[in-house]
Amino acid sequence: MSIYKIEANIRPDKAVAVREALHAVDVTMVTVIECRGSGRVPIPGHSFRAGSHNDGLVHRLRLDIIVSEPFLEKTVEAIRTAACTGEVGDGKIFIIPVQEVVRIRNNDRGVPALQ
Ligand SMILES: Nc1ncnc2c1ncn2[C@@H]1O[C@H](COP(=O)(O)OP(=O)(O)OP(=O)(O)O)[C@@H](O)[C@H]1O
Ligand SMILES: [Mg+2]
């Protein structure tokens with residue numbers, strides 16, 4: 001069965017709503033990375049100009065979630081709906097195939113390592 005990595009870049013103030021939405025679809029395994037980024041359109045007050053001290057990057061959270069194929073669409077939809085305000089800068093979700101998963105404790109491989 002196929003396994004996917006969901007990389008979701010969200011607004012930090014959407015973390016609680018997104019976690020609730022993930023729990024509602026039985027997704028508890030997640031890695032959260034604090035990061036900074038820039039999208040297509042500069043956010044007012046955060047535009048990058050060479051020679052400026054402002055690097056144009058804004059605080060974001062990146063969620064890494066590895067799921068088996070039956071969980072993929074409902075997980076993406078949970079994140080998308082919970083993280084959406086309808087304004088520019090809501091973030092983006094990337095979906096990437098995963099070759100293998102290994103649970104370190106017992107050497108579970110593949111889907112069993114996600115259960
Ligand atoms: N193509 C990309 N590559 C890497 N990171 C990205 C990419 N697009 C968005 N991001 C990350 O997502 C964050 C939010 O992006 P953002 O929502 O502004 O995307 P956008 O394409 O500009 O869409 P919108 O028009 O809705 O603002 C960025 O700060 C950046 O961290
Ligand atoms: Mg943008």
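Order of appearance sets the numbers: ligands from 1, and atoms from 1 within every ligand. Bear in mind the structure is a predicted one, so any value in this text is a computation, not a measurement.
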Run Val67 and Leu114 through side chain to side chain contact (heavy atoms under 4.5 Å, CB included) and show every step you take. CA-CA 7 Å; Val67 293; Leu114 297 173; 5.7 Å; no
Going by the 4.0 angstrom heavy-atom rule, the piece of Asp90 near ligand 1 is backbone
Note: ligand 1 atoms sitting under 4.0 Å from heavy atoms of Lys92 are 8 (N), 9 (C), 19 (O), 20 (P), 21 (O)
Counting heavy atoms only, which part of Asn9 comes closer than 4.0 Å to ligand 1: side chain, backbone, both or neither? side chain
Checking Val111 against Ile3 for the side chain to side chain contact (heavy atoms under 4.5 Å, CB included) test, could you report, in this order, the C-alpha distance in whole Å, the side-chain angles of both residues, the deciding distance, and whether it holds? CA-CA 7 Å; Val111 174; Ile3 296 174; 4.3 Å; yes
Begin with the C-alpha distance, continue with both residues' side-chain angles, and end with the deciding distance and a verdict on side chain to side chain contact (heavy atoms under 4.5 Å, CB included) for Asp55 and Arg36. CA-CA 10 Å; Asp55 65 11; Arg36 297 191 308 141; 2.6 Å; yes
Who's closest to atom 17 (O) of ligand 1 heavy-atom-wise, of Cys84, Ala8, Gly86, Gly91? Gly91
For ligand 1 and Arg40, I'd like to know whether there is a polar contact (N/O to N/O, distance under 3.5 Å). yes
I'd like to know if the side chain of Glu34 reaches the main chain of Arg60, judged simply by a donor and an acceptor atom lying under 3.5 Å from each other, with no hydrogens or angles considered. no
What about Arg36: any of its N or O atoms under 3.5 Å from an N or O on ligand 1? no
So, is Gly89 polar-close to ligand 1, with some N/O to N/O distance under 3.5 Å? yes
Distance-only, no hydrogens or angles: does the Arg103 side chain make a donor-acceptor pair with backbone N or O of Pro112 under 3.5 Å? yes
Under-4.0 Å salt bridge between Lys74 and Glu77: no
Closest to atom 10 (N) of ligand 1 (heavy atoms only, candidates Gly56, Ala83, Ser38) is Ser38
